[in-house]
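Residue indices begin at 1 and follow the sequence shown.
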Amino acid sequence: MKTKYPYSLIAVLLALIPITYFGIKLTTSSNQSSQNQTIIFIHGYGSSASATNALAKQSQQDLGIKNRLKIRINGQGQNDLQPSKLSSSGNIIQLEFTDKDTSEKDESKYIASVTKALKAKGISAISLVGHSMGSNVALRYLETDDYLTRQYPTVNKLVTIAGPFNTGIDQPDEIRKQFKNNSIDSETKLPKLQDGNFKFFYKNKSNLSPKLQILNIYGDVGDGSDGKISNFSSESLNLLINKEQPYIEMKITGNQVQHSEIRTNPRVTKQVSKFLSN
């Protein structure tokens with residue numbers, strides 16, 4: 001695969017060890033200044049906004065964004081966003097879904113109500129950072145036709161951390177176990193086992209903007225998984241993007257790479273903030 005290394009990202013690629021980089025295809029960065037960005041952090045299933053604290057704090061510090069707020073969204077999609085608290089000089093926004101059983105589809109719909117309000121406030125571009133199920137929610141948002149109109153901000157960058165893109169979660173238990181040993185079909189070049197998420201993402205991947213820059217991070221505790229999600233499942237994002245999509249994939253090994261720990265790993269939080277700042 002042909003790779004591109006913009007000079008502004010050399011430091012990112014050399015900064016931390018042990019990290020393995022795959023599929024590096026980055027174009028030049030957006031003209032939007034780091035300090036003026038609005039970044040939305042999305043937690044995983046059954047979690048809360050506090051799960052994204054380390055990521056949010058690091059990005060706020062490194063990018064120099066002063067305004068940081070939490071937006072709570074209930075099970076009916078109602079949120080407590082106060083537009084007056086948004087800043088035209090950049091925002092760090094941590095979402096919190098108060099109903100822990102809210103589905104991925106509903107969460108992506110509820111996020112759209114927030115981003116629509118941001119656009120109405122004059123915020124024309126955002127970045128999304130998701131951990132675990134939050135990664136799937138962000139990707140589903142980006143691939144849903146209804147949210148790709150001018151009513152919503154452009155999404156410049158997507159960061160996925162420990163994403164469960166093809167786990168068989170919507171399959172019977174006996175089949176879900178088989179997903180742990182999933183592999184690529186030699187003829188189709190796609191996973192032999194595909195769950196509902198993977199099929200949706202693959203079907204709608206053409207909706208991704210060719211300018212969207214993606215950073216995909218996952219941990220390996222030494223057995224080809226992060227202790228919960230197989231690396232194969234997280235790596236499946238590479239099959240769900242367009243051919244020329246600007247894309248970086250990173251496998252993190254060593255300490256603090258387990259599924260719930262990786263979101264607070266200093267190596268990871270630093271990589272995320274560097275990616276967002278370039």
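When the side chain to side chain donor-acceptor pair (under 3.5 Å) test is applied to T52, the partners found at least two apart in sequence or on another chain are Q94. For S260, the side-chain contact (heavy atoms from CB on, under 4.5 Å) partners two or more places apart in sequence, or in a different chain, are Q258, R263. With sequence neighbours left out, N207 forms a side chain to side chain donor-acceptor pair (under 3.5 Å) with D145. Taking the side-chain contact (heavy atoms from CB on, under 4.5 Å) definition, one finds that K116 meets it with Q151, Y152, sequence neighbours left out.
Looking only at distances, no side-chain donor or acceptor of D185 sits under 3.5 Å from a matching main-chain atom of K189. Judged by distance alone, with hydrogens and angles left aside, the side-chain atoms of N166 form a donor-acceptor pair with the main-chain N or O of D195 at under 3.5 Å. A donor-acceptor pair is defined here as one N or O able to donate and one able to accept, closer than 3.5 Å; such a pair exists between the side chain of N74 and the backbone of Q76. The main-chain N or O of G75 is found under 3.5 Å from a side-chain atom of Y110 such that the two form a donor-acceptor pair. Between the side chain of K157 and the backbone N or O of F275, at least one donor-acceptor pair lies under 3.5 Å. In this structure, the side chain of N242 does not engage the main chain of P210 through any donor-acceptor pair within 3.5 Å. Looking only at distances, a side-chain donor or acceptor of Q245 sits under 3.5 Å from a matching main-chain atom of S209. Side chain of H43 to backbone of F97: a donor-acceptor contact under 3.5 angstrom is found. Of the possible donor and acceptor atoms, one in the side chain of Q37 sits under 3.5 Å from a partner among the backbone N and O of L276. At least one donor-acceptor pair under 3.5 Å links the side chain of N265 to the backbone N or O of Q256.
Residues Y45 and Y141 fall within the same hydrophobic cluster, defined by Ile, Leu, Val, Met, Phe, Trp and Tyr side chains chained together at heavy-atom separations under 4.5 Å. In the hydrophobic cluster analysis, where Ile, Leu, Val, Met, Phe, Trp and Tyr join through side-chain heavy atoms closer than 4.5 angstrom, V129 is grouped apart from I229. Note on I262: it clusters hydrophobically with I248, by side-chain heavy-atom contacts below 4.5 Å among ILVMFWY residues. A continuous path of Ile, Leu, Val, Met, Phe, Trp and Tyr side chains, each step under 4.5 Å between heavy atoms, connects L63 with V272, placing both in one hydrophobic cluster. The hydrophobic cluster containing L240 does not contain L148, counting ILVMFWY residues as joined when their side-chain heavy atoms lie under 4.5 angstrom apart, directly or transitively.
Atom NZ of K228 has 12 or fewer heavy atoms from other residues, nucleotides or ligands within 6.0 Å. Within 6.0 Å of atom NZ in K119, more than 12 heavy atoms from other residues, nucleotides or ligands are found, so the atom counts as buried in its surroundings.
Evaluation of the salt bridge (charged side-chain N to carboxylate O under 4.0 Å, His left out) test over residues 100-114, restricted to residues two or more places apart or in two chains, returns D106-K109.
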**Study point:** Check against side-chain hydrogen bond (donor to acceptor under 3.5 Å, both in side chains), S87 and N67
**Key:** CA-CA 7 Å; S87 171; N67 196 41; 5.1 Å; no
Exercise for review: Under the side-chain hydrogen bond (donor to acceptor under 3.5 Å, both in side chains) rule, what do D146 and T144 come out as? Steps first, then yes or no, please.
Suggested key: CA-CA 6 Å; D146 293 346; T144 302; over 6 Å; no
Practice item. Show your working on side-chain contact (heavy atoms from CB on, under 4.5 Å) between N197 and T167 and close with a plain yes or no. Key: CA-CA 9 Å; N197 272 331; T167 62; 5.8 Å; no
Point to revise | Verdict with supporting geometry, N204 and R140, side-chain hydrogen bond (donor to acceptor under 3.5 Å, both in side chains) | key: CA-CA 9 Å; N204 295 284; R140 183 176 286 270; over 6 Å; no
Practice item. Kindly indicate, with the supporting measurements, whether the criterion side-chain hydrogen bond (donor to acceptor under 3.5 Å, both in side chains) is fulfilled by Y147 and S108. Key: CA-CA 9 Å; Y147 315 141; S108 65; 4.7 Å; no
Exercise for review: Please assess L208 against L139 for the test side-chain contact (heavy atoms from CB on, under 4.5 Å), listing each intermediate value before the final yes or no.
Suggested key: CA-CA 9 Å; L208 291 178; L139 186 59; 4.1 Å; yes
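To the nearest 0.5 Å, atom CG of residue D80 and atom CD1 of residue I71 are 7.0 Å apart.
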Side-chain donor-acceptor pairs under 3.5 Å in residues 169-176, sequence neighbours left out?
unit_1	atom_1	unit_2	atom_2	d
D170	OD1	G196	N	3.4
D170	OD2	G196	N	2.7

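Side-chain atoms of N216 and T160 form a donor-acceptor pair, as typed in the model, at a separation below 3.5 Å. Between E235 and N231, the side chains place no donor N or O within less than 3.5 Å of an acceptor N or O (distance only, hydrogens not considered).
Residues I126 and P153 share a closest heavy-atom pair of CG2-CB, 4.0 Å. In terms of heavy-atom proximity, F165 sits nearest to S234 at CD1-O, 3.4 Å. The two residues S135 and G130 have their closest heavy-atom pair at OG-O, 2.9 Å. For P191 against I184, the heavy-atom pair with the smallest separation is N-CD1, 3.9 Å. Residues M133 and P164 share a closest heavy-atom pair of N-CD, 4.1 Å. Of all heavy-atom pairs between D226 and A162, the closest is OD2-CB, 3.6 Å.
Put simply, the side chain of K57 reaches to within 4.5 Å of the side chain of R68, judged on heavy atoms. Between I161 and L55, some side-chain heavy-atom pair lies under the 4.5 Å cut-off. In this structure the side chain of K66 never reaches within 4.5 angstrom of the side chain of S89, judged on heavy atoms. Side-chain contact between L95 and I40: present, with at least one pair of heavy atoms (C-beta onward) separated by less than 4.5 Å. Residues E96 and S48 form a side-chain contact, since some pair of their non-hydrogen atoms from C-beta on lies under 4.5 Å apart. Side-chain contact check for F41 versus S59: some heavy-atom pair is nearer than 4.5 Å.
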